[in-house]
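Shown next, in structure tokens, is the structure this report addresses.
Sequence lines set the chain letters: A, B, ... in the order given, protein chains first and strands last, and positions in each chain run from 1.
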Amino acid sequence: MLRSVSAADTTSRPRKPCNCTKSQCLKLYCDCFANGEFCSNCNCNNCFNNLEHETERLKAIKTCLDRNPEAFKPKIGKGKEGESDRRHSKGCNCKRSGCLKNYCECYEAKIMCSSICKCVGCKNFEESPERKTLMHLADAAEVRVQQQTAAKTKLSSQISDLLMRTTPIISSGGGRLPYTFVTKEVLEATCECLLEQAKRAEQTHEPQEEAERMILEEFGHCLMSIISSAGKAKADCASINC
DNA sequence: GAGTTTGAAACT
DNA sequence: CAGTTTCAAACTC
């Protein structure tokens with residue numbers, strides 16, 4: 001659900017795993033190979049893009065370079081200092097996507113199509129109303145995800161706050177939990193989570209039934225979170241013998 | 001998850 | 001070079 005597009009982690013790069021079956025990951029069809037990387041954590045079959053097949057791999061690289069000496073150079077003319085020379089080196093050749101789907105290499109790289117493109121029916125240019133609408137939708141979706149994440153973070157922090165400062169009521173009573181966990185703060189944070197989920201459902205135009213299901217499920221998550229924290233607190237309490 | 005659509009890469 | 005096929009990913013249902 002949460003796509004990790006974090007450009008921040010420079011140390012480990014969880015390059016998206018490929019699923020090649022026929023290319024042996026030795027053709028440019030394979031994204032790993034095309035990016036000059038070995039396959040790692042991929043789902044490919046019969047993969048030759050690794051150290052065990054170094055000779056074949058080198059041969060394949062040579063073949064690609066023979067065909068196109070630029071094959072392994074970045075396709076986007078680098079976005080240095082936010083400069084506008086961010087354009088696709090070859091341009092796209094889209095026919096049916098309007099260049100507003102990820103099939104289009106320009107659109108995928110979040111850049112406008114340019115004069116070097118040979119696309120038909122292109123809607124991927126600055127003034128394109130279709131493009132603007134799409135961008136706004138994407139922005140809104142991103143904000144939505146951020147808000148939902150924030151709500152969840154808040155809930156768990158409210159809970160952990162409780163663990164720090166609440167006092168036990170009665171620790172006896174069979175399976176009774178030792179603290180009053182459903183405080184005003186936890187309640188509010190939970191409601192925020194549910195509200196965010198509702199907004200999310202609304203935004204993706206879920207039918208009412210599905211929206212209700214999503215919200216209930218979110219409530220379940222919140223509840224589990226509260227209960228497991230409470231249970232943990234009780235266990236801690238017991239071990240300290242309080 | 002299965003099936004369809006898409007356009008780059010590969011091939012002729 | 002243009003036309004066709006192959007391929008893996010994006011997308012849809």
- Item | Whole-Å distance separating the CZ atom of A/Phe72 from the P atom of B/dA9 | 11 Å
- Message: Can you see if the side chain of A/Arg67 gets near the phosphate of B/dA10 - specifically, an N or O under 4.0 Å from OP1 or OP2?
- Response: yes
- Task: Measure across A/Asn124 and A/Cys106 and return the closest heavy-atom pair with its distance rounded to 0.1 Å.
- Result: ND2-CB, 3.9 Å
- Item | Pairs involving residues 94-113 of chain A, ordered by first then second residue, that meet salt bridge (charged side-chain N to carboxylate O under 4.0 Å, His left out) (sequence neighbours left out) | A/Lys75-A/Glu105
- Query: Given C/dA8, is OP1 or OP2 found less than 4.0 Å from the side-chain N or O atoms of A/Ser23?
  - Reply: yes
- Item | Nearest-angstrom distance from the residue atom NZ of A/Lys73 to P of B/dA9 | 16 Å
- Task: Please state how far atom CG in A/Leu26 lies from atom C1' in B/dA9, giving the value in whole angstrom units.
- Result: 14 Å
- Task: Tell me whether the OP1 or OP2 atom of C/dC7 has a side-chain N or O from A/Lys22 closer than 4.0 Å.
- Result: yes
- Message: Has A/Thr63 got a side-chain atom pairing as donor or acceptor with A/Lys59's backbone, closer than 3.5 angstrom?
- Response: yes
Check: protein-nucleotides 9-13 of chain C nitrogen or oxygen pairs below 3.5 Å:
unit_1: C/dA9; atom_1: OP1; unit_2: A/Asn19; atom_2: N; d: 3.1
unit_1: C/dA9; atom_1: OP2; unit_2: A/Asn19; atom_2: ND2; d: 3.4
unit_1: C/dA10; atom_1: OP1; unit_2: A/Lys16; atom_2: NZ; d: 3.4
unit_1: C/dA10; atom_1: OP2; unit_2: A/Lys16; atom_2: NZ; d: 3.0
unit_1: C/dA10; atom_1: N3; unit_2: A/Tyr103; atom_2: OH; d: 2.8
unit_1: C/dC11; atom_1: OP1; unit_2: A/Asn102; atom_2: N; d: 2.8
unit_1: C/dC11; atom_1: OP2; unit_2: A/Asn102; atom_2: ND2; d: 3.2
unit_1: C/dC11; atom_1: O4'; unit_2: A/Tyr103; atom_2: OH; d: 3.2
unit_1: C/dT12; atom_1: OP1; unit_2: A/Lys101; atom_2: NZ; d: 3.4

- Note on the structure: Atom CG of A/Asn43 and atom C1' of B/dG1 are separated, to the nearest Å, by 14 Å
- Message: Any carboxylate oxygen within less than 4.0 angstrom of a Lys/Arg side-chain nitrogen, looking at A/Glu188 and A/Lys184?
- Response: yes
- Query: To the side chain of A/Cys94, which of C/dC7, B/dA10, B/dG7 is closest?
  - Reply: B/dG7
- Item | Euclidean distance, atom CG of residue A/Asn68 to atom P of B/dA8 [Å, nearest integer] | 14 Å
- Figure out the NZ/C1' separation between A/Lys118 and B/dT6, and round it to whole Å. 17 Å
- Item | N/O (side chain, A/Thr21) to phosphate O (OP1/OP2, C/dA8) under 4.0 Å | yes
- Evaluate the side-chain proximity of A/Lys90 to A/Ile116: yes if any heavy-atom separation is below 4.5 Å, no if none is. no
- Are the charged groups of A/Glu54 and A/Arg57 less than 4.0 angstrom apart, N to O? no
- Between A/Lys75 and B/dA9, is there a side-chain N or O to OP1/OP2 distance below 4.0 Å? yes
- Query: Atom CG of A/Asp66 to atom P of B/dA9: distance rounded to whole Å?
  - Reply: 16 Å
- A/Phe33/A/Phe48 aromatic ring centres below 6.0 Å: no
- Rounded to the Å, how far apart are A/Asn35 CG and B/dA8 P? 16 Å
